[in-house]
Amino acid sequence: MSEAVPEGALSRDASAKGSLVVVGTGIQLGRHISERAVSEIDAAEVLFTITDGWALEWIRARRADVVSLHELYATGKDRRRTYREMHDRILGEIRNGRQVCLALYGHPGIFAEVPHRVMEEARQLGHRVRMEPGVSADGCLYADLGLDPGKRGMQSFEATQFLVFDHTANPAALLVLWQVALAGDLSCARFHAERDGVQALVNKLRRWYPADTECILYEAAQIPVTPFRADRLRLDELPDAEYRQYTTLVIPPAREMEADPEGLADIGADVQALEKV
Amino acid sequence: MSALKTLLKDLGSDASLEREYEQDAEAVMERYGLDAEDRETLRRRDLETLEQRSGLRITTEDGNKPVKGYE
């Protein structure tokens, strides 16, 4: 009977079994990958990757035996079937007792379905699993735009999910909407911006924000010699803006925070106490 | 990797090289052996071409696509 291994713990039995470490290559090749991630790539018995062609070529120069799971994508093939096949390939090697590394673009745990699922299943089977964090687009965003999510709080949603579910925005906090170009697409088949979808997103945002609210369309720099994008425009100008698949919509805090008397009362304080904060 | 890809990767990881590139890009490109087309692409900071020539956008047609939060 296999016994689940606590996270971070490594028993002699567990070390003899297959394992998985998931690493991120960052947004910008060479700039963002951690020393540990490189070490994991070099040390793995079996190395899988799902990344762009540039990073793949760099990895292949270190490890000629790297297996790119991109080959499992195919035109017209349901992506969920592709994910299942990726999952099965990775888990199969772990169950064969191999030390497996999966290298992914950006942060390996953000907008990444396969690693979370395979880690969960491998963990349940008693294998040692771990994820090494990577630099993601949100990390670049805080640095490039000078926005501190700890200052006023932050909300973060995938744009279409924000649109079609009952999420609510808090204009006193920073709002970040990912994949805004694909807003309104429920088919999972569109990879370009459509005005109607962005307009629908703007319509929802107008519940909390005035039409002239300053927004930022952000794209992290993926190549060193090119700048990041930070186009500032009004909320009502968004439908006519230009988008790439990975453009992020950022709305800085648009109003002051308001005191919560009930929360204050629960700690024996009142609004005057906030004047000292 | 090609000379262009190697230079781009090194510019990301090496602060001294990036400073040198900012001061004398031509000398750095010469040292890395970039061909005329890649040099011109870098001079123009042509993002679309850089993405293609670096391999950043070279994936299968359905690859590297976004994951929907509701999938």
Side-chain angles (χ1 to χ4, degrees), chain A residues 26-33 50-58 60-61 68-80 82-83 105 110-114 157-162 164-165 178-179 181-182 185-189 191 219 221-227 229 244-246, chain B residues 1-35 37-71:
Chain A
I27 299 297
Q28 212 178 94
L29 184 63
R31 190 174 211 135
H32 294 157
I33 194 167
I50 310 171
T51 188
D52 60 86
W54 186 17
L56 175 60
E57 195 173 335
W58 174 77
R60 189 164 277 149
S68 172
L69 294 176
H70 259 302
E71 66 193 42
L72 297 174
Y73 285 111
T75 303
K77 182 176 174 182
D78 190 316
R79 286 212 305 279
R80 283 160 288 200
T82 302
Y83 297 153
Y105 174 79
I110 298 180
F111 281 82
E113 185 171 297
V114 172
F157 303 100
E158 194 272 340
T160 297
Q161 188 190 82
F162 175 80
V164 302
F165 287 94
W178 305 98
Q179 298 176 174
L182 311 180
D185 173 44
L186 297 176
S187 71
C188 302
F191 299 112
E219 293 165 10
Q222 297 175 283
I223 293 176
V225 296
T226 58
R229 178 187 181 188
R244 306 188 81 181
Q245 190 177 295
Y246 51 85
Chain B
M1 290 202 293
S2 71
L4 174 66
K5 294 173 189 176
T6 302
L7 173 57
L8 291 174
K9 188 261 177 190
D10 290 351
L11 284 170
S13 60
D14 187 338
S16 297
L17 179 68
E18 188 174 61
R19 280 193 281 275
E20 185 185 349
Y21 182 84
E22 287 167 358
Q23 291 174 356
D24 191 350
E26 297 299 326
V28 173
M29 290 193 286
E30 175 70 25
R31 193 164 79 240
Y32 272 75
L34 266 62
D35 63 26
E37 190 175 351
D38 283 340
R39 290 183 196 212
E40 187 55 27
T41 302
L42 274 176
R43 287 185 196 111
R44 287 187 283 109
R45 296 188 177 194
D46 180 346
L47 182 59
E48 294 286 341
T49 306
L50 279 171
E51 287 182 345
Q52 287 300 326
R53 294 183 69 82
S54 69
L56 198 58
R57 290 285 165 267
I58 298 173
T59 59
T60 59
E61 188 178 343
D62 287 335
N64 207 24
K65 297 301 186 192
V67 177
K68 292 301 181 72
Y70 45 81
E71 272 188 330

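Order of the sequence lines fixes the chain letters, A, B, ..., with proteins taken first and strands second; residue numbering starts at 1 for each chain. Heavy-atom basis, side chains included; hydrogens, waters and symmetry copies ignored. Keep in mind it's a predicted model, so treat the numbers as computed, not measured.
- Partners of B:Glu30 according to the side-chain contact (heavy atoms from CB on, under 4.5 Å) rule, which considers only residues two or more places apart in sequence or in another chain, are B:Arg39.
- Under the 4.5 Å side-chain criterion, counting only non-hydrogen atoms from C-beta, A:Trp54 is not in contact with B:Glu51.
- At a heavy-atom separation below 4.5 angstrom, chain A is approached by B:Leu42, B:Arg45, B:Leu47 within residues 40-47 of chain B.
- Checked against ring-ring contact (aromatic ring centres under 6.0 Å, His included), A:Phe157 has the following partners two or more places apart in sequence or in another chain: A:Phe162, A:His167.
- In this structure, no portion of B:Glu22 lies under 4.5 Å from any heavy atom of chain A.
- Interatomic distance, B:Asp14 CG to A:Arg31 CZ, rounded to the nearest 0.5 Å: 11.0 Å.
- In this structure, no portion of B:Thr6 lies under 4.5 Å from any heavy atom of chain A.
- From B:Ser13, atom OG reaches atom CD of A:Gln28 across 10.0 Å, with rounding to the nearest 0.5 Å.
- Applying the side-chain contact (heavy atoms from CB on, under 4.5 Å) rule to A:Glu57 yields the partners B:Met1, B:Lys5; only residues at least two apart in sequence or on another chain are considered.
- The line from NZ of B:Lys9 to CD1 of A:Ile33 is 8.5 Å long, rounded to the nearest 0.5 Å.
- Both the backbone and the side chain of A:Leu29 come within less than 4.5 Å of a heavy atom of chain B.
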